[in-house]
There are 2 protein chains.
Amino acid sequence: MPKRESQKPGAVTILDVAKHAGVSPMTASRVINGNPRVGQDLRERVQASVQTLRYRPNLAGRSLRTTGSARIGVLYSNPSAAYLNELMLGILEQSSLSGAQVLVEKCGGIASQRAATQRLLEAGVDGIILPPPLCDSPQTLRELDERGIPVVAVAGAPVAGVSSVRIDDYQGSRAMTLYLLELGHTRIGFIQGDPSHTSAQLRRQAFLDTLAESGLRMPEEYMVVGMFTYRSGLTAARQLLDLERRPTAIFCSNDDMAAAAMAVAHGAGVRIPDALTVVGFDDTPVATTLWPELTTIRQPVTALGKNAVALMLEEIRARRSGRRREATHQVMKHTLIKRQSSAAAS
Amino acid sequence: MPKRESQKPGAVTILDVAKHAGVSPMTASRVINGNPRVGQDLRERVQASVQTLRYRPNLAGRSLRTTGSARIGVLYSNPSAAYLNELMLGILEQSSLSGAQVLVEKCGGIASQRAATQRLLEAGVDGIILPPPLCDSPQTLRELDERGIPVVAVAGAPVAGVSSVRIDDYQGSRAMTLYLLELGHTRIGFIQGDPSHTSAQLRRQAFLDTLAESGLRMPEEYMVVGMFTYRSGLTAARQLLDLERRPTAIFCSNDDMAAAAMAVAHGAGVRIPDALTVVGFDDTPVATTLWPELTTIRQPVTALGKNAVALMLEEIRARRSGRRREATHQVMKHTLIKRQSSAAAS
DNA sequence: CTGAAAGCGCTTACAG
DNA sequence: CTGAAAGCGCTTACAG
C-alpha cells in the first residue's frame, strides 16, 4: 500500500483527474493543455473533473518536461527603481509560472557590462532580457548577438533580429497631447526625457507633430530638456514657471519629472489643476502617491515583463529543437489615465 | 544511443557532476546541499567538479521532490504600491528559487476579505502570507487560524502562534532620533503614521522615549498625526511649518510623507537641508527619486518577502510530515541611510 | 559515510 | 483520437 499519510490531502494531481474522468493521464494532459485532438465527450469529462477536483497543474512537474531547465538572465544598468521593480515583478511572475529560473545582474559602464554578461553566461543562462536603457545600446545588442545569445529587449527602438516588447510611445504621447488640446490648453510646456533614450525622442516627436496637426506651435522656451530624473525635473519646471508668459499645462515625459514639476508649482504658489495642469507618462507608483494624483499614460510594465519572458521561452524552445524563429516585435496597449492633476484651461 | 542532439549543450545536471567527481548522484546531492555526513575527500572532489562544470541545480527538479507542490497565497489590502511591489519581488524571487507557486488576492473590507481567502483556499494554497496592514488585524489572523491555515505575517506586532517576519520599528526609530540629536537638532517635529498600524505606534513611541532619555520634550504641536499617505503628509507638514517657532528637523514616519514634507518646505521657500532637515522611514524607491535624496531608515523589504516565503515553506513541510512547529518570529536588520536631506542644526 | 532504487507530477515520443 | 512507457533532474527513504 502506498504511503498516503504524509501526503497533503488537497494535492490533486493529473492522475486524480484522469482517474476521476476515467481516462488516461495523457488524455487529461491534452485537454488541460488545450490540445484539440481529443474527442468531444472525453474532453468534457476531463473538464468536469478538473472543475470538481479543483485541479491546478503543478508547474515544477510540467516545466521539468517542457522548458527543461530554462534560465533567463536580466541585465540592467542605471534604471528607475520604480520601473525596474514593476518590470521584475512581471518577469518573476511569468517565469515562476513557466518554471524558469531568473538571474539578475546589474552593470555600470561598458566594461562592467561585459563582466556581468560573462557572469550570466557562466551561470548557464539561455537568454538575456534587456530593460531600458540597455535595450537602446546597439553595442550591447551586437555583442550579445555575436555570441549567439537570444535577447529580448524591453522598450527601445525595434532592432532587426532582436525580439522586443514595448508600448507605442509615439501614440501614447499623441493621446496625451490630444487630451491636453481637448481641455483647451494652448500654452503647453514640454519636459523631455533623456535624449539618448528612444522613448524620450518618440514622446517629444509625437507632441510636436500632434500640435503641428492642430496648427499650433509652442515658443521654443516651452520645450525643455530633462533627464527623466526628479532632479532634472525640478530645474526644467523652474525654467517653465519662471517664464513671463508661462504655460497653462506641462507635459512631462515621465512621472518622476511630473512629481518634480508639481513640487515646483506648489513652491511657486501655483495651484494644480486650477492654475496649472501637470501630466506625466508611465503610471509608476509615484503617480498615485502624489496629491493631486497624476494624470498620466499607463504603461503595462508588469505585463511587458511577463511577455518578455514568454517570448524568451519560445525562443529558447525553438533553438533547442533546432528551429529558428523570426524576431518578434510585440506592441502592448497603453492607456490614458485621467486623474486630478489635469483640468480645463482657465 | 540516447538522443543528445536536441539537448542544450550547457545543461549540466547533477549526474554530470557525480560522474566527473566519480561518486554517486546521492553523494553529489549531499555535498551540494551542505549535508555534513560526507567524507572530506569526496566532498572536496564534488565541490571541485561543481566549480569546473559550473553546475547550477535545476530548481524544478529539486522542488518536485522536496516541497512537492507548495502553493502560497498572498492576501493584501490597501497597500502602499511601492512597498507591496518590493515585497512581492522578494516573495516571487524566493518562491521561484524554491519552486513554490504564488497566488495573489487583493481585498477591501472584511466581506471581500473572506471571499478572497475562500478563493485562495479553493485554489489549493497551503498557507497565506499577510503583508501590512492585514497583519495587524486580529480578526483576520483568528479566522485563518481557526481554519487551520498556516500564516506568516509581514511586519505587525508579534502574535502568539503566528509566525512573523519584521524589522524592529522601535529600534529603527530610536536610531533615527539619536542621529537627529547628534546633528544638534533640539526642535524636532514628528509626523506619525496611521495610528492603527503597529509600526506607526512603535516609531512614535521610540521617538518620544529617546527624547525623554536625553532630557528633551517637544511641545505638543510638534507631534502631528498623518496616515502614511503623501496627502496626509502635505497637511501635516504645513501644520509644522506654519508654527511660529518651527522645528529645524522633521522626522516623518515613512518616505511618502517625507516626500510631501519636502514639497511643502520647498513651497514655503525653506531650503533643505540648510534650513530644515527632513528624514523618512522605509527607504522605498521614492527616497532616491527626490532631490535632495532622503535620509531614511532602510527596511530590507525584499528580504522580508524572501524570508516570509522560506518560513512558510518550512511550516508547510513540517505539517506535511505530521510535525508541529512553534511559531517563529524573525527580526531583520534595519539600517540608517544618510543622504542629503539631513544636516547639522544651524 | 556511501549508494541503488524509486518516485515527485508532468509531458514527449512512440505505438496503435 | 487514445494510451502505455519512459524520462525530465532531483532527493527521500532504505540498505549497507
Side-chain angles (χ1 to χ4, degrees), chain A residues 2-8 11-19 21-46 50 53 55-71 97-101 124 317 320-321, chain B residues 2-8 11-19 21-46 50 53 55-71 97-101 124 317 320-321:
Chain A
K3 311 191 194 173
R4 276 259 140 205
E5 284 162 38
S6 70
Q7 201 67 28
K8 170 186 148 204
V12 180
T13 76
I14 203 167
L15 260 63
D16 300 319
V17 173
K19 202 174 300 173
V23 300
S24 77
M26 255 333 292
T27 300
S29 169
R30 288 197 184 94
V31 174
I32 288 157
N33 289 287
N35 183 325
R37 306 161 93 67
V38 177
Q40 181 68 16
D41 78 317
L42 287 198
R43 166 178 315 284
E44 278 167 12
R45 261 155 58 197
V46 171
V50 165
L53 267 38
Y55 169 71
R56 293 277 186 130
N58 178 324
L59 304 174
R62 173 179 288 172
S63 76
L64 209 47
R65 281 266 45 171
T66 51
T67 1
S69 51
R71 266 197 274 261
L97 277 175
S98 321
Q101 292 175 235
R317 269 175 232 165
R320 284 191 186 172
S321 56
Chain B
K3 314 192 192 171
R4 276 259 142 203
E5 285 161 37
S6 69
Q7 202 67 30
K8 171 186 146 205
V12 181
T13 76
I14 203 167
L15 260 63
D16 300 318
V17 173
K19 203 174 300 173
V23 300
S24 76
M26 254 335 290
T27 300
S29 169
R30 287 197 186 96
V31 173
I32 288 157
N33 291 287
N35 183 324
R37 305 160 94 67
V38 177
Q40 181 69 14
D41 77 319
L42 288 198
R43 166 179 313 284
E44 278 167 13
R45 260 155 59 198
V46 171
V50 165
L53 267 37
Y55 169 72
R56 294 277 186 130
N58 179 323
L59 305 174
R62 174 180 289 172
S63 75
L64 209 49
R65 279 269 42 173
T66 51
T67 2
S69 52
R71 265 197 273 263
L97 277 176
S98 323
Q101 291 175 236
R317 268 176 232 164
R320 284 191 187 172
S321 56

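Chain letters run A, B, ... following the sequence lines, proteins first, then strands; residues in each count from 1. In this text, all values refer to a predicted model and were calculated from it rather than measured experimentally.
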Rounding to a whole Å, what distance do you find between [X]:[atom1] and [N]:[atom2]?
X       : N      : atom1 : atom2 : answer
B/Met26 : C/dG7  : CE    : P     : 16 Å
A/Arg37 : D/dG3  : CZ    : P     : 15 Å
A/Leu53 : C/dG9  : CG    : P     : 14 Å
A/Glu44 : D/dT2  : CD    : C1'   : 17 Å
A/Asn58 : C/dC10 : CG    : P     : 5 Å
B/Arg45 : C/dT2  : CZ    : C1'   : 12 Å
A/Ile14 : C/dG7  : CD1   : P     : 19 Å
A/Leu64 : C/dG7  : CG    : P     : 17 Å

Inset, instruction - State which of C/dG9, C/dT11, C/dG3 makes the closest approach to the side chain of B/Val23. - result: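 That would be C/dG3.
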Taking only side-chain nitrogens and oxygens of [X], does any of them come within less than 4.0 Å of OP1 or OP2 of [N]?
X       : N      : result
A/Thr27 : D/dT2  : no
B/Ser29 : D/dT11 : yes
B/Arg65 : D/dT12 : no
B/Asn33 : D/dT11 : yes
A/Ser24 : D/dG3  : yes

Legend entry - Nearest atoms (heavy-atom pairs only) where A/Val23 meets A/Arg45: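 The answer is CG1-NH2, 4.0 Å.
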Legend entry - Closest contact, heavy atoms only, B/Thr13 versus B/Tyr55: C-CE1, 3.5 Å
Inset, instruction - Just name whichever nucleotide pairs with C/dT2, Watson-Crick or G-U, keeping both distances under 3.5 Å, else none. - result: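 The base-pairing partner of C/dT2, which may sit in any strand shown, is D/dA15.
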Inset, instruction - With rounding to the nearest 0.5 Å, note down the distance linking CG in B/Asn35 to CE in B/Met26. - result: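 Separation between the atoms: 7.5 Å.
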Inset, instruction - Measure the CG-CG distance between B/Leu64 and B/Asn58 for me, rounded to the nearest 0.5 Å. - result: 10.0 Å
Inset, instruction - Establish whether the base of C/dG3 is bridged to the side chain of B/Arg30 by a donor-acceptor pair shorter than 3.5 Å. - result: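 Donor-acceptor pair under 3.5 Å: yes.
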Legend entry - Contact nearer the 5' end of DNA chain D, comparing B/Leu15 with A/Arg43: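 It is A/Arg43 whose nearest nucleotide is closer to the 5' end.
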Legend entry - Donor-acceptor contact present, side-chain B/Arg71 to main-chain B/Gln101, <3.5 Å: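 No, because the side chain of B/Arg71 does not come within donor-acceptor range (under 3.5 Å) of the backbone of B/Gln101.
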